[in-house]
Amino acid sequence: MLPFRLYAAVLFVLSISLLFPPFCIGIRSFPTRAIDAGDASELASAAWARFSEAPDYRNGADCAVSMNKEMVSSCDPSLVHIAMTLDSEYLRGSVAAVHSVLKHASCPENVFFHFIAAEFDPASPRVLTQLVRSTFPSLNFKVYIFREDTVINLISSSIRQALENPLNYARNYLGDILGRCVDRVIYLDSDVLVVDDIHRLWNISLSGLRVIGAPEYCHANFTKYFTDGFWSDPVLSRVFSSRRPCYFNTGVMVMDLVRWRQGNYRKRIENWMELQRKRRIYDLGSLPPFLLVFAGNVEAIDHRWNQHGLGGDNVRGSCRSLHPGPVSLLHWSGKGKPWVRLESKNPCPLDHLWEPYDLYKPLRHHNAAKFQALSSISASTLIGFSSYLS
């Protein structure tokens with residue numbers, strides 16, 4: 001009998017080589033290399049790849065019927081679109097987040113996930129795609145490859161190294177990454193749990209010409225998000241003169257992609273990032289450019305949809321309690337992540353709310369049958385993305 005790893009490698013090489021012929025989709029050619037024995041071994045043995053298969057959540061009788069049940073298109077108007085990043089470091093959180101969305105959705109089969117993966121992540125986008133398919137066999141999703149050179153020259157140093165990850169800036173490019181038929185999307189960070197029906201968030205109206213909706217926190221000290229040099233400059237600080245800016249967290253946003261594209265908001269954000277490279281006007285990574293462009297012109301969503309800060313302080317980390325009021329979404333923004341604290345046997349009390357959604361399991365739960373389920377993946381699940389698409 002073949003050893004387990006060799007069996008997995010042979011199975012992958014035989015099946016995937018037939019499934020991924022050379023092709024070019026839209027923006028750039030995707031690498032033609034099929035998954036090799038090394039990739040198969042990576043998926044079989046890597047610590048981050050040990051996940052149980054999620055329950056198969058199905059639609060109720062009142063759900064809208066897809067135009068094509070056999071092959072769901074991301075252009076289907078009945079879908080709820082969710083965008084998330086996908087990388088090996090936060091994969092455990094992403095899997096739990098997806099699980100929580102499906103578990104509480106009234107129509108889980110009508111949810112479509114758009115995963116943005118880094119081109120040079122230690123886990124290749126192909127392997128991450130296989131992992132998502134094996135964990136959520138009936139999930140509607142695509143994986144897009146985000147080229148780091150899209151944004152790497154715009155990123156400045158931050159107070160925490162994790163905030164400098166190029167993938168943090170992928171949300172700036174959703175209008176370009178996702179197909180033109182996707183005119184609205186919910187962006188979620190990888191460290192969230194949704195404990196309410198995601199359709200309720202999806203159905204929130206963006207009034208007037210507002211481009212994004214998010215919970216606002218107008219009691220927060222807005223000045224701390226920018227440097228003294230910014231506030232002392234009469235020209236720069238004037239950007240907020242015609243609006244009342246409030247802090248909002250970019251980890252949970254409803255985005256109108258039609259208005260986003262029409263207003264070229266990607267470029268507006270990039271302009272502020274370019275200025276930051278020349279003279280330091282903020283310290284917090286990808287958040288301040290969003291505040292500069294949108295603060296004071298955001299559709300205010302109920303706070304229940306982003307109970308944020310559960311990860312604690314960005315530098316020291318700490319245990320936080322929930323904000324007063326109802327909860328629809330828990331967000332471990334900040335330094336501490338629940339899977340890390342649980343693994344180290346030093347969890348915060350609220351980390352135990354995250355634990356039931358965790359599908360991470362010891363390696364002993366894997367077997368060869370796990371890999372047979374991966375053969376259903378299609379080449380159309382992966383799409384390449386590059387910058388400068390105008």
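Worth knowing before you read on, the calculation uses all heavy atoms, side chains too, and leaves out hydrogens, waters and symmetry mates.
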Distance-only donor-acceptor check, side chains Trp339 and Asp351, under 3.5 Å: no
Locate the shortest heavy-atom distance separating Cys246 from Glu216; write the atom from each residue and the value. CB-OE2, 3.9 Å
Treating Ile, Leu, Val, Met, Phe, Trp and Tyr as nodes and any side-chain heavy-atom pair under 4.5 angstrom as an edge, say whether Ile204 and Ile186 lie in one connected cluster. yes
Heavy-atom pair of closest approach, residues Met84 and Ser190: CE-CA, 4.0 Å
Out of Val132, Val101, Asn140, which one pairs with Phe113 under the side-chain contact (heavy atoms from CB on, under 4.5 Å) rule? Val101
With distance as the sole criterion, is a donor-acceptor pair present between the side chains of Asp196 and His104 under 3.5 Å? no
Of Phe248, Trp272, Tyr265, which is the lone residue that meets ring-ring contact (aromatic ring centres under 6.0 Å, His included) with Phe294? Tyr265
If you measure from CG on Asp87 to OG on Ser94, what distance do you get to the nearest 0.5 Å? 6.5 Å
Are side-chain heavy atoms of Leu178 and Val185 found at a separation under 4.5 Å? yes
Option passing side-chain contact (heavy atoms from CB on, under 4.5 Å) with His114 (candidates Leu86, Ile82, Val182, Ile177): Val182
Is the closest side-chain heavy-atom distance between Val127 and Leu131 below 4.5 Å? no
Hey, quick one: are Phe120 and Ile145 part of the same hydrophobic cluster, counting side-chain heavy atoms closer than 4.5 Å, chains of contacts allowed? no
Does CG belonging to Asn221 count more than 12 external heavy atoms closer than 6.0 Å? yes
A side-chain contact here means heavy atoms from C-beta on lying under 4.5 Å apart; do Arg244 and Cys218 qualify? yes
Given side chains that start at C-beta, do those of Ser286 and Met273 come closer than 4.5 Å, heavy atoms only? no
Could you check whether any side-chain heavy atom of Leu353 comes within less than 4.5 Å of a side-chain heavy atom of Leu310, counting everything from C-beta outward? no
Mark yes or no for whether Gln307, through its side chain, and His323, through its backbone, hold a donor-acceptor pair below 3.5 Å. yes
Between Tyr247 and Tyr225, does the ring centre distance come in under 6.0 Å? yes
Is the shortest side-chain heavy-atom distance between Val95 and Tyr360 below 4.5 Å? no
Electrostatic pair Asp233-Arg279, nearest N-O below 4.0 angstrom: yes
Quick one: does Arg341's side chain have a donor or acceptor within less than 3.5 Å of a partner on Asn346's backbone? no
Can you say whether the rings of Phe226 and Trp231 are parallel (under 30°), tilted (30 to 60°) or perpendicular (over 60°)? perpendicular
Non-hydrogen atoms of Ala118 and Pro125 that approach each other most closely: O-CG, 3.8 Å
Working to the nearest 0.5 Å, report the span between OH of Tyr57 and OG of Ser106. 14.5 Å
Is a side-chain N or O of Ser73 found less than 3.5 angstrom from the main chain of Cys75, in a donor-acceptor match? yes
Check for me, please, whether Val258 and Leu206 land in the same ILVMFWY cluster - side-chain distances under 4.5 Å, paths through other members count. no
For His99 and Pro356 the tightest heavy-atom approach is CE1-O, 4.3 Å
Sub-3.5 Å donor-acceptor pair from the side chain of Asn168 to the main-chain atoms of Gly285, do we have one? no
Arg266 to Trp260 six-membered ring, cation-pi geometry met (6.0 Å, 45°): no
So that I can tick it off, tell me whether Asp283 and Lys224 are bridged by a salt bridge, with the cut-off set at under 4.0 angstrom between side-chain N and carboxylate O. no
Apply the test ring pair (Phe, Tyr, Trp, His ring centres under 6.0 Å) to residues Phe146 and Tyr173: give CA-CA distance (whole Å), side-chain angles for both, the deciding distance (0.1 Å), then the verdict. CA-CA 9 Å; Phe146 183 67; Tyr173 298 89; 5.7 Å; yes
Check the pair Phe240 / Phe222 against ring pair (Phe, Tyr, Trp, His ring centres under 6.0 Å), numbers first and verdict last. CA-CA 11 Å; Phe240 296 117; Phe222 192 80; 5.1 Å; yes
Sequence neighbours left out, what passes salt bridge (Lys or Arg N to Asp or Glu O under 4.0 Å) with Arg268? Give chain and number order. none
SG (Cys107) and CG (Asp62) are apart, to the nearest 0.5 Å, by 7.5 Å
Let's go through Tyr187 and His81 carefully: what are the C-alpha distance in whole Å and the side-chain angles of both, what is the deciding distance for side chain to side chain donor-acceptor pair (under 3.5 Å) to 0.1 Å, and is it a yes or a no? CA-CA 9 Å; Tyr187 176 81; His81 294 277; over 6 Å; no
Under the 3.5 angstrom rule, does the side chain of Thr85 hit a backbone N or O of Leu167 as a donor-acceptor pair? no
Using a cut-off of 6.0 Å, state whether more than 12 heavy atoms not belonging to Lys278 lie near its atom NZ. no
In plain terms, say whether Asp191 and Lys337 are close enough for a salt bridge, that is, a side-chain N and a carboxylate O under 4.0 Å apart. yes
Using modelled atom types and a 3.5 Å cut-off, is there a donor and acceptor pairing between side-chain atoms of Glu109 and backbone atoms of Asn59? yes
So which heavy atom on Trp305 is nearest to which on Val194, and how close? CZ3-CG1, 4.3 Å
Just checking, any donor-acceptor pair under 3.5 angstrom between side chains of Arg126 and Thr129? no
What's the spacing between Leu359 CG and Ser52 OG if we round to 0.5 Å? 6.5 Å
Would the number of heavy atoms belonging to other residues, nucleotides or ligands and lying under 6.0 Å from CG of Asp228 be above 12? no
Would you check if Ile269 and Leu292 make a side-chain contact, meaning some heavy-atom pair closer than 4.5 Å? no
Going through the checks in order, is the salt bridge (charged side-chain N to carboxylate O under 4.0 Å, His left out) test met by Glu53 and Lys361? CA-CA 10 Å; Glu53 184 176 312; Lys361 297 297 178 185; over 6 Å; no
Side chain of His308, backbone of Ser333: donor and acceptor closer than 3.5 Å? no
From Arg259 CZ over to Leu257 CG, what is the distance, rounded to the nearest 0.5 angstrom? 11.5 Å
Salt bridge or not for Arg92 and Asp358, using N-O below 4.0 Å? yes
List the atom of His331, the atom of Val192, and the distance in Å for their closest heavy-atom pair. CD2-CG1, 3.5 Å
Taking atom types as modelled, is there a side-chain donor on Ser328 or Arg200 under 3.5 Å from an acceptor on the other? no
As a quick check of understanding, evaluate salt bridge (charged side-chain N to carboxylate O under 4.0 Å, His left out) for Lys103 and Asp197, giving each step before the final call. CA-CA 9 Å; Lys103 181 178 177 64; Asp197 186 359; over 6 Å; no
Phe290 versus Val298: any side-chain heavy-atom pair under 4.5 Å? no
Exam field: side chain Gln276 to backbone Tyr282, donor-acceptor pair closer than 3.5 Å: yes
Measuring from atom CG of Leu102 to atom CD1 of Ile198, what distance do you get when rounded to the nearest 0.5 angstrom? 10.0 Å
Test your reading of the model: is there a side-chain donor-acceptor pair from Arg243 to the backbone of Asn297, 3.5 Å cut-off? no
Tell me if a side-chain donor or acceptor on Glu299 pairs with a main-chain N or O of Arg210 at a distance below 3.5 Å. no
